[in-house]
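Data first, discussion second: the structure below is written as structure tokens.
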Amino acid sequence: MSQTLALSALATAVLVGALVLARRRLQLSSAKHPSLAGHTRLAKRVASLVPGYAYDEAQFFGSDGAPPEVQARRQAALQWLQASYEARFPRSLQATDAARAGISDLQFTAAYRVPFQYAQHLRKHLRVGAFVQSAAGAALTDLDGNVLHDLTGSYGVNVFGVDFYKACIREAVESADALGPVLGSYHPCVARNVERLKALSGLDEVSFHMSGTEAVMQAVRLARYHTGRRHLVRFSGAYHGWWEDVQPGPGNPVPPRETYTLKDMDERALAVLRTRRDIACVLVNPLQALHPNASAPGDSSLVDSSRRAGVDRAAYADWLKRLRAVCSERGIVLIFDEIFVGFRLAKGGAQEYFGVQADMVTYGKTLGGGLPVGVVCGRAALMKRFRDERPADICFARGTFNAHPAVMASMSAFLDRLESPEVAALYDGLDERWNARAARFNAALEAAGVPVRVANLSSIWTVLYTEPSRYNWMLQFYLRLHGVALSWIGTGRLIFTLNHTEVDFQAVLEVFVAAARAMQADGWWWADAGAHQPRHPPRRAARDVGPPLLEAQRLVLVRVGVDQLAACQKVRRLPVQADVVDRIGQDLHHPHAGGLQAARHHQLQHAHQQSGHAERKPQQTHVMDEAGASRRRIDQTEQRRRPPQQQR
């Protein structure tokens with residue numbers, strides 16, 4: 001009898017234990033976002049099963065079921081873009097092509113600039129140059145002398161404008177020259193840097209590293225060391241660098257081990273934090289306020305128009321305050337990852353912007369004054385790397401180039417300028433200014449009748465699409481031709497500098513709208529009769545393609561535009577194409593030259609005659625030959641035709 005009771009008790013205990021574990025597991029599962037971004041193991045399995053395939057030419061232009069005339073318009077547009085790119089960016093493209101085989105990053109970004117189904121065919125026709133020769137103000141100049149509006153933001157480094165960082169680096173070189181590359185000892189400016197970072201972060205101690213990823217690694221390691229717990233919590237979609245524990249899922253060959261990915265802004269996530277005893281820290285990337293529970297929005301995933309974004313500052317601040325309270329209650333280290341947003345949202349970063357004090361904060365990117373850096377600021381109890389009572393129990397973190405004299409001097413110059421009246425003026429009314437600009441941007445897009453809008457977190461913007469389309473990713477290529485430089489993820493991230501003037505901003509707005517209208521007229525946003533988008537796009541303004549063209553480049557655009565008229569457009573589209581030719585003609589030295597008008601008249605007549613016959617492809621080889629023959633003359637006159645402060 002006693003043996004039976006013992007077995008029953010054991011079985012009951014096992015059952016109760018299993019039920020407790022099952023309940024905890026269900027609680028954890030319910031706190032995850034329902035998308036693949038919230039289920040990293042499943043996401044890795046799904047990613048491993050997705051077969052590689054590529055659209056052929058017919059599928060490329062008609063993957064959305066567009067009728068033949070729209071597909072023909074798209075094909076003509078791609079040929080026009082190809083010829084325009086080759087005429088506008090020859091040196092930049094040549095340098096990129098030559099370097100690609102030896103730079104794995106270029107191979108990766110070229111492969112994933114657009115959805116993979118379209119990438120192979122697109123790469124045959126459109127390539128984007130990766131080299132630039134200079135930068136000034138809010139603009140970049142490529143190897144061909146084209147001046148481009150810089151919305152790359154240098155991956156978030158460029159907060160105050162490139163000239164700001166040039167000055168920091170120049171000052172650093174001079175300041176650190178006497179010490180040189182001496183490592184292990186500190187440059188005198190380090191002590192002052194530490195004091196200012198303590199004041200800005202509201203924390204006690206500082207450690208220096210060489211990248212944002214390293215800083216996050218160190219913060220997590222210290223949190224584990226001092227709490228004695230192993231697991232970290234990150235929120236769905238957030239990016240914290242590329243090392244294993246904070247980047248689970250696709251892209252990481254190692255499966256997640258000690259990482260919980262929970263749903264942002266969700267009470268069930270707080271319930272997990274309240275009940276589990278194995279969580280060392282919670283990582284928060286405040287950039288997620290723009291798109292909670294969604295990954296960084298890249299054009300490589302734009303196969304529909306489901307991308308959504310928008311900031312509710314009060315709601316996100318309330319969420320962070322409740323998260324702060326639970327972490328304090330449970331002894332969990334709250335880490336703000338401000339590598340990207342630090343010093344961009346406010347002088348005191350996201351902590352000041354949202355009104356929440358973290359236990360540790362990581363900084364990077366802009367803080368180095370243009371040089372590579374990572375910083376951890378934290379409470380004294382969390383920053384200590386050894387235990388007096390157990391001298392062999394240490395938390396090791398070193399790096400050869402940590403606190404490099406040149407980096408520290410550049411950081412010092414950055415922090416000096418952060419205190420200047422000029423920078424204080426940039427922070428004054430920052431949110432109101434950029435929100436008003438975004439509203440103005442959206443009003444202009446709506447007035448233009450294009451299915452594009454923007455959402456913003458201060459000066460960090462993303463592009464949204466309001467109508468179903470499989471070709472939204474094409475907008476990045478129209479923007480480039482119109483003189484806008486984006487990072488390789490395309491329209492998912494537009495990064496303005498805080499010193500973008502009203503003149504700079506208005507110029508970006510105008511070319512952005514022009515690019516969107518050009519794309520719309522070329523049929524990429526076609527929709528069937530059941531969609532909200534009009535069947536017949538509005539008559540577009542000219543292909544006003546940004547920076548002034550060289551003489552041979554103008555000729556190329558005219559010739560290709562005329563060829564497209566006769567080759568690929570239906571009669572009902574001819575007025576639009578005629579408008580293109582007219583406007584390009586205005587860019588010539590002799591806009592009323594009889595040759596251009598005669599060519600236009602001849603091509604229009606010929607297109608009418610051919611409208612009932614099979615379409616033919618435009619002949620473009622003579623165009624590029626002509627451009628090549630003009631190269632020597634262009635080299636001799638380029639400086640005269642392109643003054644240093646070239647208008648966009």
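Nothing fancy with the numbering, it's 1 onward along the sequence.
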Next item on the list: Find out whether Leu81 and Leu126 are in side-chain contact, i.e. whether some heavy atom of one side chain is under 4.5 Å from a heavy atom of the other.
Entry: yes
Check: To the nearest 0.5 Å, how far apart are CG in Leu345 and OG in Ser459?
Finding: 7.5 Å
Margin query: Quick check: closest heavy atoms across Pro250 and Ala47, and the distance to 0.1 Å?
Written below: CG-CB, 4.0 Å
Margin query: Tell me whether Arg127 forms a cation-pi arrangement with Tyr85, defined as NZ or CZ under 6.0 Å from the six-membered ring centre and within 45 degrees of its axis.
Written below: no
Check: In Å and rounded to the nearest 0.5 Å, what is the CZ to CZ distance from Phe160 to Arg344?
Finding: 8.5 Å
Check: Does the Asp304 side chain pair with the main chain of Ser306, one donor and one acceptor, at a distance under 3.5 Å?
Finding: yes
Check: So, Asn472 versus Ser305: side-chain donor-acceptor pair below 3.5 Å or not?
Finding: yes
Check: Would Arg453 and Glu446 satisfy side-chain contact (heavy atoms from CB on, under 4.5 Å), going step by step from the backbone distance to the final call?
Finding: CA-CA 8 Å; Arg453 299 293 184 271; Glu446 183 176 9; 3.5 Å; yes
Note to self: Using side-chain contact (heavy atoms from CB on, under 4.5 Å), reason through Arg493 and Leu287 one step at a time and then give a plain yes or no.
What the structure shows: CA-CA 11 Å; Arg493 187 79 78 222; Leu287 180 57; 3.5 Å; yes
Next item on the list: Return the minimal non-hydrogen interatomic distance between Arg313 and Asp431, and the atom names on each side.
Entry: NH1-OD2, 3.1 Å
Notebook entry, point to check: Would you find a donor on one side and an acceptor on the other, under 3.5 Å apart, between the side chain of Gln288 and the backbone of Phe235?
Noted result: no
Notebook entry, point to check: If we only count heavy atoms from C-beta on, is the Trp434 to Asn456 side-chain gap below 4.5 Å?
Noted result: yes
Check: Which heavy atom of Ala119 sits nearest a heavy atom of Val114, and at what distance?
Finding: CA-CG2, 3.7 Å
Next item on the list: Report yes if some heavy atom in the side chain of Phe505 is under 4.5 Å from a heavy atom in the side chain of Phe496; otherwise report no.
Entry: yes
Next item on the list: Report the distance from atom OG of Ser92 to atom CG of Asp144, rounding to the nearest 0.5 Å.
Entry: 4.0 Å
Item checked: Aromatic ring pairing Phe441/Trp461, orientation class (parallel under 30°, perpendicular over 60°, tilted between) -> perpendicular
Notebook entry, point to check: What distance do Lys124 atom NZ and Leu78 atom CG have between them, rounded to the nearest 0.5 Å?
Noted result: 11.5 Å
Margin query: Does atom CD (Glu510) have a neighbourhood of more than 12 heavy atoms from anything else shown, all under 6.0 Å?
Written below: yes
Checklist line | Tyr478 backbone acceptor or donor facing His482 side chain under 3.5 Å | finding: yes
Next item on the list: Look up atom CG in Asn442 and atom CG in Leu464, then write down how far apart they are to the nearest 0.5 Å.
Entry: 8.0 Å
Check: Taking atom CH2 of Trp80 and atom CZ of Arg73, what is their separation to the nearest 0.5 Å?
Finding: 15.0 Å
Notebook entry, point to check: So, does Thr366 use its side chain to make a donor-acceptor pair with the main chain of Val157 at under 3.5 Å?
Noted result: yes
Check: Tell me, do Phe512 and Leu494 make a side-chain contact under 4.5 Å, heavy atoms counted?
Finding: yes
Next item on the list: Under the side chain to side chain donor-acceptor pair (under 3.5 Å) rule, collect the residues that match up with Gln117, sequence neighbours excluded.
Entry: Tyr53
Notebook entry, point to check: Where do Ala101 and Gln107 come nearest, in terms of heavy atoms and distance?
Noted result: O-NE2, 3.2 Å
Next item on the list: Look only at the side chain of Glu86 and the backbone of Ala83, and say whether a donor-acceptor pair between them is shorter than 3.5 Å.
Entry: no
Notebook entry, point to check: Taking the side chain as C-beta and beyond, is there a heavy-atom pair between Leu509 and Arg437 under 4.5 Å?
Noted result: no
Check: In terms of the angle between their ring planes, are His121 and Phe61 parallel, tilted or perpendicular, with boundaries placed at 30° and 60°?
Finding: perpendicular
Checklist line | Residues Asp142, Arg88: salt bridge by 4.0 Å N-O rule | finding: no
Next item on the list: Compare all side-chain heavy atoms of Ile489 with those of Ser300 and state whether any distance is below 4.5 angstrom.
Entry: no
Next item on the list: Look at the side chain of Asp150 and the backbone N and O of Leu140, then say whether any donor-acceptor pair between them is shorter than 3.5 Å.
Entry: no
Checklist line | Geometric class of the Trp473/Phe477 ring pair [parallel <30°, tilted 30-60°, perpendicular >60°] | finding: perpendicular
Next item on the list: Specify the closest pair of heavy atoms between Ala438 and Val454, including all atoms of both residues, with the distance to one decimal.
Entry: O-CG2, 4.0 Å
Next item on the list: Could you tell me whether the side chains of Ser63 and Tyr471 share a donor-acceptor contact shorter than 3.5 Å?
Entry: yes
Checklist line | Closest approach of Ile495 to Thr152 (non-hydrogen atoms, all atoms of both residues) | finding: CD1-O, 3.3 Å
Note to self: I'd like to know if Glu69 pairs up with Arg74 as an ion pair, taking the criterion as any Lys NZ or Arg NE/NH1/NH2 lying under 4.0 Å from an Asp or Glu carboxylate oxygen.
What the structure shows: no
Next item on the list: Please indicate whether Tyr112 has more than 12 foreign heavy atoms, meaning atoms of other residues, nucleotides or ligands, lying under 6.0 Å from its OH.
Entry: no
Item checked: Ser154 side chain to Tyr165 side chain, donor-acceptor N/O pair below 3.5 angstrom -> no
Next item on the list: Kindly indicate whether the side chain of Thr497, heavy atoms from C-beta on, has any atom under 4.5 Å from the side chain of Val159.
Entry: no
Checklist line | Flag for Tyr465-Thr491: side-chain donor and acceptor within less than 3.5 Å | finding: yes
Checklist line | Close side-chain approach of Ser84 to Phe89, heavy-atom, < 4.5 Å | finding: no
Check: When you look at Arg470 and Val303, which way does the side-chain contact (heavy atoms from CB on, under 4.5 Å) test go after all the steps?
Finding: CA-CA 5 Å; Arg470 294 191 180 184; Val303 292; 5.6 Å; no
Check: Do Arg480 and Asn146 pass the side-chain contact (heavy atoms from CB on, under 4.5 Å) test, and can you show the C-alpha distance, the side-chain angles, and the key distance before you say yes or no?
Finding: CA-CA 11 Å; Arg480 183 75 171 201; Asn146 297 298; over 6 Å; no
Next item on the list: Would you mind checking if Arg307 and Asp299 are paired as a salt bridge, meaning a charged N to carboxylate O distance below 4.0 Å?
Entry: yes
Notebook entry, point to check: What class does the angle between the rings of Phe108 and Trp488 fall in, given that below 30° is parallel, 30 to 60° is tilted and above 60° is perpendicular?
Noted result: perpendicular
Check: Short question: side chain of Asn293, backbone of Lys263 - any donor-acceptor pair under 3.5 Å?
Finding: no
